[in-house]
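Here is the naming used below: chain letters follow the sequence lines, and residue numbers restart at 1 for every chain. Keep in mind it's a predicted model, so treat the numbers as computed, not measured.
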There are 2 protein chains.
Amino acid sequence: MTNTYKYPRPAITVDCVVFGYDGNELNILLIKRGIEPFVDCWALPGGFVRHDETIDEAAKRELLEETFVKNIYLEQLYTFGDLYRDPRERVISVSYFALVRQEEFQIKASTDANEVAWFKVQNTPALAFDHENILEMALKRLKNKVRYEPIGFELLPPKFPFSALEQLYESIIGKPLDRRNFRNKFQKMGLLTKLSEKQEKVAHKRGFLYQFDSDKYEQLKKDGFEFAI
Amino acid sequence: MTNTYKYPRPAITVDCVVFGYDGNELNILLIKRGIEPFVDCWALPGGFVRHDETIDEAAKRELLEETFVKNIYLEQLYTFGDLYRDPRERVISVSYFALVRQEEFQIKASTDANEVAWFKVQNTPALAFDHENILEMALKRLKNKVRYEPIGFELLPPKFPFSALEQLYESIIGKPLDRRNFRNKFQKMGLLTKLSEKQEKVAHKRGFLYQFDSDKYEQLKKDGFEFAI
DNA sequence: TATCTTTGCGTAATATATACACAAAGACAG
DNA sequence: CTGTCTTTGTGTATATATTACGCAAAGATA
């Protein structure tokens, strides 16, 4: 590293891949752009990094502005730095990967004259810029990560029946799991607390609700436990 | 994303964590800084991203300038964007993670009046900026990655005895492995070609040399094979 | 020729992953 | 209130993978 270089410098943005689960399918949050370039095109929520905030703060802020949800699972994904990602000028984008409980989430009606909507991951529209690449990378990361870290719980409500957990895993991994083996494995891990409450308003036998025990998880990790499914 | 923002903008750098293996220990390449800030302090090789190159190209270029090695294993690691990483002004750094065959490598004597040297990973000096954080992250990534992708071969010479492979894995993972189980596992995978050549100039029974068969690996991957050790 | 170090190999014991089926709960329709 | 439908809840046998472990032969050196 020699001396600080001069202008022109690339602009820096953050883009967030926000995953939600509606109890049925894995969804992703998109906004419809109100301005050029790619006006009226769907895109990942994101924006410029301010000079007085870290990149993580920028991601949190953008997410809050778009989703009104705090204390979300958020991690950095990858940085996209090709030359012509943005037709206006050079823009380097640090992408983030977020998981939200779609239930708790209120879609903000048209910020900056933007539409905001959930799309099924399996059925997304064409996206602005290189956002399809970003989404693809996020999906890969989610699929890998869900198998060796208990991040699935970030997508579920705090109390859930076992079947919800299984369906979530199936929809992320993309293939069916054996229900009995899945239950056995999870139960042996001891990360789930069985509540006395049951599901309500279901047209069949009601299942018990469970809670993820994050304290227990932290404790087990210290002893070398490795989550895997 | 609204409109392109104005100056001031952060500067963008790349920093490379270059791992090498000398047949005995895992090493990392550092340069001694010739200018302020952190003059005379050891640091990761890196530098500013030019306006006409992608960030990957910047990393490759910096690496070539420092190491004279091309066609290296190189992947993006993480982007560091805290406000005061660099005391001069705001600098966002995209870090990369590289593996080189230390044998093939020629250390360039004092570029820009800089010293360049290999350090044992277990015995690194204090580093400039937040480079210790970057190194820590790179080490974690390496330890994880070496277990589920055959990247270890990037550090070894093209022909190596089985013991070299085992020692490499042990020094990366940081604990001893059972020699027989390690061999069995690797041999069952079928990724190694046994050559008719043997080790030379060793004061004990000479072992056969092996080669990593990357074509076979690509082929197996297509059929759903997953490398793991 | 004895000594030293490393190579090269296989099997038994244990743990983990997979495959698989049936009875009970509860809503709803008739 | 009875039958039907769907989902819940559970256990075992089999196959597969992981771990632990010891001994003879090669080759250099003294």
[N] [atom2] sits how many Å from [X] [atom1], rounded?
X	N	atom1	atom2	value
B/K188	D/dT19	NZ	C1'	11 Å
B/L165	C/dT6	CG	P	17 Å
A/K175	C/dA19	NZ	P	11 Å
B/F186	D/dA17	CZ	C1'	17 Å
A/E200	D/dT8	CD	C1'	17 Å
A/F182	C/dA17	CZ	C1'	15 Å
A/N184	D/dA13	CG	P	14 Å
B/K185	C/dG8	NZ	C1'	20 Å

Margin query: Counting the benzene-type ring for Trp, do B/Y210 and B/F208 have ring centres under 6.0 Å apart?
Written below: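 Between B/Y210 and B/F208, the centre distance exceeds or equals 6.0 Å.
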
Next item on the list: Taking all heavy atoms of B/A59 and all of B/L74, pick out the closest pair and write down the distance.
Entry: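 Closest pair (atom of B/A59, atom of B/L74, distance): CB-CD2, 4.1 Å.
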
Checklist line | Considering all heavy atoms, the nearest B/E132-B/L127 contact | finding: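 Result for this residue pair: OE2-N, 2.8 Å.
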
Next item on the list: Nearest 0.5 Å please: distance from the CG atom of A/L64 over to the CD1 atom of A/I72.
Entry: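 If I round to the nearest 0.5 Å, the distance is 8.5 Å.
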
Item checked: Presence of donor-acceptor pair under 3.5 Å, side chain of A/R180 and base of C/dA19 ->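 Flag unset: no donor-acceptor pair detected.
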
Note to self: Please determine whether any donor N or O and acceptor N or O are separated by less than 3.5 Å between the side chain of A/K205 and the base of D/dT7.
What the structure shows: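 Under the 3.5 Å cut-off, the side chain and the base do not form any donor-acceptor pair.
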
If you check the [X] side chain, which of [options] turns out closest?
X	options	value
B/R183	C/dG26, C/dT7, C/dC20	C/dT7
A/N181	D/dG11, C/dC9, C/dC28	D/dG11
B/F208	C/dG26, C/dG8, D/dT18	C/dG8
B/R206	D/dA28, C/dT7, C/dG26	D/dA28
B/D178	C/dC20, D/dT10, D/dC21	D/dC21

Note to self: Categorize B/F162 for me: base, sugar-phosphate, or nothing, with a 4.0 angstrom heavy-atom threshold over every strand shown.
What the structure shows: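 Since no nucleic acid heavy atom lies under 4.0 Å of B/F162, the category is nothing.
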
Check: So what does A/R179 hit on the nucleic acid, given a heavy-atom distance under 4.0 Å: a base, only sugar-phosphate, or nothing?
Finding: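 The residue A/R179 makes base contact.
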
Check: Between A/T124 and A/W42, is any pair of side-chain heavy atoms under 4.5 Å apart?
Finding: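 Not in contact.
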
Item checked: D/dG27 phosphate, OP1 or OP2, under 4.0 Å from B/K198 side-chain N/O ->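 Yes.
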
Notebook entry, point to check: Considering heavy-atom distances to DNA chain C, does A/K201 or B/Y210 have its closest nucleotide positioned more toward the 5' end?
Noted result: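 Of the two residues, B/Y210 wins.
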
